[in-house]
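Scroll down for the structure; my scribbles are underneath it.
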Protein chains: 2
Amino acid sequence: MEMVAEKQVKALSERTLRRLPRYIEILKRLKSEKIEFVSSNMIADELGLDSIQVRKDLAATGVTGKPKLGFAIDELINGIKHTLNWDNQTDAFLVGAGSLGSALLGYKTFSDHGLNIIAAFENEPSKVSGIINNITILPIEKLSDMAFRMKVHIGVITVPIDQAQHVADMMIEGGIRAIWNFAPIHLKVPDFVIVENAQLSHSLGVLTHKLAESLKGENK
Amino acid sequence: MEMVAEKQVKALSERTLRRLPRYIEILKRLKSEKIEFVSSNMIADELGLDSIQVRKDLAATGVTGKPKLGFAIDELINGIKHTLNWDNQTDAFLVGAGSLGSALLGYKTFSDHGLNIIAAFENEPSKVSGIINNITILPIEKLSDMAFRMKVHIGVITVPIDQAQHVADMMIEGGIRAIWNFAPIHLKVPDFVIVENAQLSHSLGVLTHKLAESLKGENK
DNA sequence: TAGATTGTTAATCGATTAACAATC
DNA sequence: TAGATTGTTAATCGATTAACAATC
């Protein structure tokens with residue numbers, strides 16, 4: 001039981017994981033400007049971070065830099081993508097073809113981010129059997145069986161709040177292991193299921209609070 | 001210079017701010033079940049948090065509980081809303097009436113979250129002068145002037161990546177003080193402008209990474 | 001070689017968790 | 001009164017930042 005050495009054992013913190021896509025953003029821009037190497041300092045400046053933090057984050061991807069030169073941009077992009085598993089695509093089902101769901105179905109860029117939405121599901125009969133961005137909308141009853149048969153591992157929930165838990169249950173029954181949840185509700189799931197919340201209100205609350213504080217400070 | 005006592009001086013951490021909307025979600029549900037008091041323990045259980053953390057967070061809103069009884073739900077909801085400034089509505093402009101922007105324009109619930117989108121702006125002439133959810137879509141050229149004249153303080157950016165910085169600049173020129181940014185780019189803004197990023201890729205990266213780790217663990 | 005930059009170990013900071021007295 | 005729950009002070013934990021040796 002003495003540490004069966006794996007390529008990369010250290011767990012990445014959630015904070016680091018959330019910064020990695022930001023690095024990719026900067027790196028892609030630099031790459032398009034034909035730049036080949038970048039220092040941690042340059043990245044830090046672009047994003048308003050600390051260069052030590054950038055180096056720590058990048059170290060977690062396993063990519064190493066060269067003293068005096070910095071990091072090879074191509075290698076770094078690939079390393080970060082690999083860490084996020086964005087160099088593979090995982091099949092996903094989306095449930096809830098309302099306006100947000102439809103907008104997500106229209107996103108071409110998810111394939112660059114490891115996500116491949118292969119079907120959508122709906123409650124509402126009038127929407128069923130429509131097609132958005134080449135993705136067919138199926139009746140919700142088929143969700144569990146199809147997820148199971150097609151070995152789909154990711155579920156995206158964009159249904160109203162009162163249906164979200166039920167949809168999550170069906171997903172899990174179908175073997176789905178990770179849920180990207182846009183409904184403003186805390187889903188109850190077994191330990192082996194990963195839930196990532198993408199709820200607008202969380203981010204909006206930070207904004208409205210900070211703005212109020214900032215404007216208050218002015219009238220002092 | 002010795003502490004001009006204000007109602008509530010302690011700064012709220014960003015972590016706390018992000019949890020506050022989750023408390024509201026639970027509290028509203030309990031309220032609909034006619035429950036009047038709730039303990040920090042019950043809230044913690046519902047959300048998978050620690051009850052001490054819940055008490056600390058709630059303390060930051062200024063609402064106090066009663067030993068043995070817990071917190072009065074109505075009072076708590078109001079206190080949290082006040083902390084987030086969700087008991088006021090701040091006027092906002094949205095720029096970029098693509099699919100995501102249009103979906104956001106359709107959200108009726110932003111008014112419960114302190115946000116009142118009063119106009120949308122677009123580059124694309126074919127979309128200009130359309131109306132979505134009673135909100136008129138105007139040509140982008142009018143953005144700065146109108147923001148200034150109408151004293152709009154919040155800007156929502158849902159344009160493609162290559163236009164986002166320019167739109168942010170126009171917003172700031174028009175006096176906008178807080179930007180809710182959905183474009184996957186780090187905006188450069190003066191210190192007095194608040195930027196809150198709502199970028200899907202950040203949350204998606206956490207999901208795809210964790211799922212990969214989880215599935216890897218299984219085949220060990 | 002001198003200088004810039006990496007990568008790591010140590011120090012600091014802030015957030016979470018624990019302990020416990022106060023109180024209804 | 002006894003017991004449950006709050007609210008606060010102290011302890012722990014983890015993430016950020018600092019210091020610095022290694023290296024190209």
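FYI, side chains are in, hydrogens and waters are out, and symmetry mates aren't considered; it's all heavy atoms of this structure. Below, chains carry the letters A, B, ... as their sequence lines are ordered, and counting in each starts from 1. Please read these numbers as outputs of a predicted model, since none were measured by experiment.
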Under the 3.5 angstrom rule, does the side chain of [X] hit a backbone N or O of [Y] as a donor-acceptor pair?
X	Y	value
B/E25	A/H186	yes
B/N181	B/I185	yes
A/N133	A/L105	yes

Review item, nucleotides 22-24 of chain D N/O atoms under 3.5 Å of protein N/O:
none

Using the side-chain contact (heavy atoms from CB on, under 4.5 Å) criterion, which residues pair with A/A92? Sequence neighbours excluded.
A/L115, A/I117, A/I154
Side-chain touch [X]/[Y], heavy atoms, less than 4.5 angstrom:
X	Y	result
A/W86	B/S201	yes
A/L47	A/R19	no
B/D74	B/K31	yes
A/L84	A/P21	yes
A/L49	A/Y23	yes
B/F110	B/N116	no

First locate atom OG1 of A/T61, then atom CG of A/L12, and finally report the distance between them rounded to the nearest 0.5 Å.
8.5 Å
Please state how far atom [atom1] in [X] lies from atom [atom2] in [N], giving the value in whole angstrom units.
X	N	atom1	atom2	value
A/R15	C/dT16	CZ	C1'	12 Å
B/Q53	C/dA15	CD	C1'	8 Å
B/L12	C/dT16	CG	P	12 Å
B/D57	D/dG7	CG	P	13 Å

Watson-Crick and G-U pairing of DNA chain C written in dot-bracket, each distance under 3.5 angstrom, with | for inter-strand partners:
..||||||||||||||||||||||
Report, as yes or no, whether the 6.0 Å neighbourhood of atom CD on A/E14 holds more than 12 heavy atoms from other residues, nucleotides or ligands.
yes
Which residues within residues 71-81 of chain B lie with some heavy atom under 4.0 Å of an atom in DNA chain D?
B/F71
Protein-nucleotides 18-20 of chain C N/O pairs under 3.5 Å:
none

Can you list, in residue-number order, the parts of residues 33-44 of chain B that come under 4.0 Å of DNA chain C, counting heavy atoms only?
none
Give B/T16 one of three labels, base, sugar-phosphate or nothing, depending on what nucleic acid heavy atoms sit under 4.0 Å from its own.
nothing
